[in-house]
2 protein chains.
Amino acid sequence: MAIDKEINAEQKIIEAAADIFEEKGFEGARMQQIADKAGINKALLHYYFRSKDLLFEKVFLNIASKIFLKFFKSFNIEGSIFENIETFLQLHQDLLYENRKLPIFFFNEITRNPDLIRKLMLKLEVSNSFQLILKQFEKEKRDGIIRHDVEVSHLLVNIISLSVFPYIGRPIIKEIMEEFDLNYDTFLNERRSMIAQFVINSIKV
Amino acid sequence: MAIDKEINAEQKIIEAAADIFEEKGFEGARMQQIADKAGINKALLHYYFRSKDLLFEKVFLNIASKIFLKFFKSFNIEGSIFENIETFLQLHQDLLYENRKLPIFFFNEITRNPDLIRKLMLKLEVSNSFQLILKQFEKEKRDGIIRHDVEVSHLLVNIISLSVFPYIGRPIIKEIMEEFDLNYDTFLNERRSMIAQFVINSIKV
DNA sequence: ATCTAGTTTAACCAATTGGGCAAAAATAAT
DNA sequence: ATTATTTTTGCCCAATTGGTTAAACTAGAT
């Protein structure tokens with residue numbers, strides 16, 4: 001924390017804003033609250049970022065870029081995706097667990113303002129990265145590692161759905177489970193191996 | 001529309017509020033906008049519902065109840081779920097397609113205010129209804145219709161994940177698909193049969 | 001030491017927002 | 001027809017919010 005002292009105002013703002021925006025969303029976040037959390041005067045927010053919109057855009061693209069890069073990186077593995085599916089499903093789960101609040105935040109904000117997606121896609125090469133994954137799936141289909149009748153774009157969406165949705169549905173899943181004395185975090189943990197098995201069963205030849 | 005004339009103010013407010021809240025969320029919605037859409041004076045909102053919070057709660061529970069009831073109803077089918085999985089996955093997809101904006105709205109609001117879930121569960125018997133579905137799955141497991149190593153609670157979450165997530169991720173899925181001249185609605189349509197196949201492959205004996 | 005450029009603050013502002021109130025209009029009861 | 005009750009409206013209000021501004025502070029250059 002001694003090193004943290006040297007951090008400049010601009011960076012302090014970005015970090016505080018990330019926390020507040022992630023928790024309250026764009027509409028619910030207050031500039032004053034961000035300033036308080038950053039420990040600076042509210043006017044500094046405008047000095048560095050002009051407006052709430054611009055501050056949000058900066059922070060949003062920051063957060064989303066980091067996660068997407070880590071996600072894409074997880075696919076850079078020797079050997080076929082099919083054979084390593086358990087490995088990087090574990091990586092995804094780690095990523096999700098460390099950023100539980102991110103999914104609902106991300107999807108809510110891009111629904112509110114779809115322009116954010118376009119800006120994100122310009123900053124990263126989102127489409128390209130997805131395309132690379134799909135090509136790898138296609139190759140494994142041709143090589144007979146994956147069933148021939150599997151539609152790869154659906155496979156990718158399926159994997160993401162199975163991983164991400166339980167985090168989006170957390171409040172209701174948690175509440176229902178607790179009614180039956182079950183634990184939500186245990187449930188998430190079970191899914192780590194379960195999702196892999198579920199997917200493998202559906203696509204193995 | 002001639003009959004609609006007879007509709008009273010209270011009902012007009014509820015319908016207008018549902019539209020606005022669903023589109024803008026609680027934080028983004030404005031009481032004035034709801035009044036305008038309902039074609040009545042803003043003070044009437046408070047006359048009938050006291051506050052924005054109470055109006056929202058009423059509307060939210062209304063919307064959520066309707067959908068959940070329809071969802072649970074879809075499981076009331078003769079014969080095993082496994083054998084009819086295609087049938088009611090179709091029903092779910094119809095339900096989702098008619099209410100595309102609902103999922104992200106619902107999950108965002110219960111994340112913002114988890115108390116809504118508790119109130120919903122008191123109004124309906126959500127836990128009980130889910131429990132019934134799980135029991136049916138268990139029975140089909142014992143009867144050897146479903147693989148014995150399938151964990152039924154995960155199966156249910158998997159099915160819901162595969163169905164619902166593509167609607168939550170709509171903005172980004174749509175944007176990426178359009179980059180490759182593919183159509184999002186077509187994609188959703190393909191999933192109707194695909195999800196069933198994907199699930200069947202994972203749980204058939 | 002003082003000048004200069006960038007940084008930070010306190011105080012302020014206009015606009016918006018949820019909400020309240022008293023009068024008016026409509027409806028029901030006598 | 002008149003009274004009582006409910007519904008609806010116009011107008012107002014205090015609080016909040018994003019944003020501005022001018023002054024004060026800081027540190028490096030001369």
statement: With sugar-phosphate taken as primed atoms, P, OP1 and OP2 and all else as base, the protein-contact string of nucleotides 15-29 of chain D at under 4.0 Å (heavy atoms; B, S, -) is --SBBBB--------
- request: Provide, to the nearest angstrom, the distance between the CD1 atom belonging to B:I20 and the P atom belonging to C:dG18.
  value: 12 Å
query: Starting at CD1 of A:I13 and ending at P of C:dT7, how long is that distance when rounded to a whole Å?
result: 11 Å
- prompt: Taking atom C1' of D:dT8 as reference, at what distance in whole Å does atom CD of B:Q11 sit?
  reply: 18 Å
query: Separation of B:N8 atom CG from C:dT27 atom P, in whole Å?
result: 13 Å
- request: Return the value, rounded to whole Å, for the distance between atom CD1 of B:I34 and atom C1' of C:dT17.
  value: 12 Å
field: ring-ring contact (aromatic ring centres under 6.0 Å, His included), paired with B:F107, selected from A:F107, A:F105, A:F165
entry: A:F165
query: Should we count CD of B:Q131 as having more than 12 external heavy atoms under 6.0 Å?
result: yes
statement: B:L44 CG to C:dC21 P, in whole Å, measures 16 Å
field: Under the side chain to side chain donor-acceptor pair (under 3.5 Å) test, residues paired with B:E190 that sit two or more places apart
entry: A:H154
statement: Only residue of B:Y167, B:Y97, B:F75 satisfying ring-ring contact (aromatic ring centres under 6.0 Å, His included) with B:H92 is B:F75
- prompt: Which part of the nucleic acid, if any, lies within contact of A:I40, taking any heavy atom under 4.0 Å across all strands shown: a base, the sugar-phosphate backbone alone, or nothing?
  reply: sugar-phosphate
query: Within less than 4.0 Å of OP1 or OP2 of C:dT8, is there a side-chain N or O belonging to A:Y48?
result: yes
task: In whole angstrom, give the distance that lies between atom OH of B:Y47 and atom C1' of C:dC21.
output: 14 Å
message: By the salt bridge (Lys or Arg N to Asp or Glu O under 4.0 Å) test, which pairs, at least two apart or in different chains, include something from residues 45-66 of chain B?
response: B:E57-B:K119
- prompt: Are A:F56 and A:F49 close enough that their ring centers fall under 6.0 Å?
  reply: no
